[in-house]
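Below is one structure, written out as structure tokens; comments come after it.
All values reported here derive from a predicted model rather than from experimental measurement.
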Amino acid sequence: MTDEEISRLRAALAEREPGPFHFRDICASFDEMWIGDKVKAGHAFLDAVRAGRLPGVSDTGTKKGGGRLYLWSPDRAH
């Protein structure tokens, strides 16, 4: 995931209330992507979360409602 993509995702997260979310909730172009591109982008997002590139976001380790569930905790982002 590029630094520009990470910046866009951080901006989208900053506008969200704390709590659970799916990647598609913060990725503006998600609905226009082909399924293979959605899978690649979702995996890249998971890798970025695991690498600590999105402070305040944690992987819940569960899937619900059609995708992996993440947790946004902005108080942990600093």
#### Entry: Listed once per pair and sorted, the side-chain hydrogen bond (donor to acceptor under 3.5 Å, both in side chains) pairs that draw on residues 14-26, sequence neighbours left out
none

### Query
So do the side chains of M1 and D47 get within less than 4.5 Å of each other, counting heavy atoms only?
no

## Note on the structure
Result for side-chain contact (heavy atoms from CB on, under 4.5 Å) between R68 and one of T60, D59, V49 points to D59

### Message
Suppose we screen for side chain to side chain contact (heavy atoms under 4.5 Å, CB included). Which residues come up paired with P20, at least two apart in sequence or across chains?
### Response
L69, L71

Please set out all donor-acceptor pairs under 3.5 angstrom arising from side-chain atoms of residues 28-40, sequence neighbours excluded.
none

### Query
Mind checking what makes side chain to side chain contact (heavy atoms under 4.5 Å, CB included) contact with S7, not counting sequence neighbours?
none

### Query
For R50, which residues count as a side-chain hydrogen bond (donor to acceptor under 3.5 Å, both in side chains) partner, sequence neighbours excluded?
none

### Query
Could you state the interatomic distance from CZ (F45) to CD1 (I6), rounded to the nearest 0.5 Å?
8.0 Å

### Task
Heavy atoms only: give me the nearest W72-P55 pair and the separation to one decimal.
CZ3-O, 3.4 Å

### Task
Please lay out, stage by stage, how F21 and V57 fare under the test side chain to side chain contact (heavy atoms under 4.5 Å, CB included).
CA-CA 10 Å; F21 71 96; V57 176; 3.8 Å; yes

### Message
Within this structure, what is the CD-CG distance for the pair E4 and L9, rounded to the nearest 0.5 Å?
### Response
11.0 Å

### Message
Can you list everything that forms a side-chain hydrogen bond (donor to acceptor under 3.5 Å, both in side chains) with D3? Sequence neighbours excluded, please.
### Response
R53

